[in-house]
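Throughout, protein chains are lettered first and strands after them, A, B, ... in sequence-line order, and every chain is numbered starting at 1. Values below: all heavy atoms of this structure, side chains included; hydrogens, waters and symmetry mates excluded.
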Amino acid sequence: MISGTEIPSLPETHFLDNRIFTDERIFAKELTGIFQKVWLFVCHESEIAHPGDFRTTSAGGRPIVVVRGIDGEIRSFFNVCRHRGAPVVREEKGNAKGFQCFYHLWTYGLDGCLTGVAKPEGYERVGLDKSKLGLVPVRTETLYGLVFVCFDHQVEPLRDYLGEIMEGVAKPLGSVPLEVFHLHKFELKANWKLWQDNNSERYHALLHWITGKKSPMKVRICRNGHGGYWSDGEATVDYAAGGFAGVSGGVLPGLKENEQRVLNLFPDVMINVRSNVVRIDRMVPLAPGHTLIEWRGLGVKSDSPALREERVRHHNMFWGPTGRNLPEDIIAVEAQWAAMTSDVVRYSILAREEDLNPTDDENLRAYYREWGRRVGVRASAPFETMR
Amino acid sequence: MTEADLGVLLEREAIRNLVQQTAVLLDKEELGQWLDLFAADSGYEIVAFGNEISQSMTWWKSNPEELRKLLEDVPRQVRDTARRLHIVIPTKVDVSEDRALVHSNFTVLRTTQDGKTSVYVAGTYVDNVVKRSGRWVYERHQVVLQTRMLDAFTHIPL
């Protein structure tokens, strides 16, 4: 008798209990065990290029405003007024000399300091100390133009947290100024980890008939759950299959023509570099089956209009909302999650062992080892350890 | 009404028919016939303004040759199975001899396989049309989307 809930006869590292993707209790543990204790990518520095530029967003369930100060420093704060808890900044992006809460007009400097309260005479009797009522700062660091925040002051510095995996993009991201030319969002009806999995495992490339399959790439596994895959040589994407001409210029520093590199940063950031364009996925988990995804496309700031147009085209032909690749991934992951909620097949198999060839599952296994360590459960038997 | 006025009205009507035919063919997924509405040297674009980055984004830009290749491959791709219905209202048809500038507001309704309908996208077609061999065709067919968060992504034009 075949049963969908029978534990697979595999090492326990080689399968997952699918309820880690659907269960509310697991999701709550992730928010506290992971998202409050890691570095979270929030934006690219080009989005706040000038003094006074700001971006608002949500990270780890908390409202954030990221702002470049007059001194050029990038800082972040919780976007909540110290007076009565209203959001101080309501625009998603802009430029300001300071911030004023719309509700009772308390004002803050770009450095977060409380600079003024409306009708101050009303506070004279109690001696309100404005110096202690600035916006609450959030730890903020950048690497290769990527802006991250972290809510835990015990966590190692960003560069150490990300570690050696970033060597894969040090030259393309870090040696020339880049800027975001594309940003679109999507509310994924699936668990956030399934999107990370989709980008991590190359096995599903079988879904995409259009993608070139010459892939002499190797899976890279690094500490803290970060991983990726790329080649030290050629790794071709078949542009012609998409009806487009090949890359004719603008290959990013450190890459070969038609090379592809894929990085998956724990827990929720994916960097895909394909010869002349960069794609960055950022996730905001909202519920076990509800995830906001932001996709950014980046090019070189000094691009000529013609070169930028080519980058945009090469980005969008696969990775835009009308591309030939991304829509298929979305359909696959949403269908996968919907089926998982039935719990008629309880386990996912991560058992491919291929000496770190791109379709080896070892990067997924490494990711879920780190996930389990942080959440405090085993991904293969999450409720056993919770009891 | 002069004969010239009548001529302009008839040309406007023909152009409105072109726009409506565009929508009908997309809804039927008669993509080959849809392509026949384009001049050989024309272009198709989908653009949307990204508030987050304060600039316009080009999501799709193809000439007819590229479009034909992409659309021929659509049956081989895993794609959204929902049906679509365009509602198109031309709001501006400025004719000047054998050229015209046309603006049309549109929405696309999306009906999933279980029968649930929702508004998929809203936007404006901003079109340059030209009269070639006695019929109006697109020289540039630009889809300017207001909607930027889609319920599903798309392999076919909007």
Between B/A152 and chain A, with a heavy-atom cut-off of 4.5 Å, which part of the residue counts as in contact: side chain, backbone, both or neither? backbone

Could you tell me the separation between the CG atom of A/D329 and the CZ atom of B/F153, rounded to the nearest 0.5 Å? 10.5 Å

Is the side chain of B/N51 donor-acceptor paired with the backbone N or O of A/E92 at a distance under 3.5 Å, no angle test? no

Under 6.0 Å from the ring centre and within 45 degrees of the ring axis: does the NZ or CZ of A/R324 meet both conditions for the six-membered ring of B/W60? yes

Measure distances from B/I46 to the heavy atoms of chain A and classify the residue's part below 4.5 Å as side chain, backbone, both or neither. side chain

So among A/E294, A/H184, A/K185, which one has a side-chain contact (heavy atoms from CB on, under 4.5 Å) with B/E52? A/K185

Taking the side chain as every heavy atom from C-beta outward, state whether B/E66 and A/R313 have any atom pair closer than 4.5 Å. yes

Could you look at A/I330 and say if it's the side chain, the backbone, both or neither that has a heavy atom under 4.5 Å from chain B? side chain

Heavy-atom donor-acceptor pair, A/T322 side chain to B/W59 backbone, under 3.5 Å: yes

Given a strict heavy-atom distance threshold of 4.5 Å, which part of B/R148 is in contact with chain A: side chain, backbone, both, or neither? backbone

Nearest 0.5 Å, please: how far is OG1 in B/T58 from CZ in A/F181? 10.0 Å

Give, as side chain, backbone, both or neither, the part of A/L292 having an atom under 4.5 angstrom from any heavy atom of chain B. side chain

Quick one: of B/R76, B/M149, B/Q55, B/M57, who has the most non-hydrogen atom pairs under 4.5 Å with chain A? B/R76

Check each atom of A/R55 against the heavy atoms of chain B and say whether the ones under 4.5 Å are side chain, backbone, both or neither. side chain

Measure the spacing between CD of A/E328 and NE2 of B/H155 and express it to the nearest 0.5 Å. 4.0 Å

Please report the shortest heavy-atom distance between B/I53 and A/V180, naming the atom on each side. CG2-CG1, 3.7 Å

A quick test of your reading: do over 12 heavy atoms of other residues, nucleotides or ligands sit less than 6.0 Å from OH of A/Y203? no

Turns out that what part of B/S54 lies under 4.5 Å from chain A's heavy atoms comes down to both

Leading residue by heavy atom contact count with chain B [cutoff under 4.5 Å; candidates A/P327, A/P321, A/G320]: A/P321

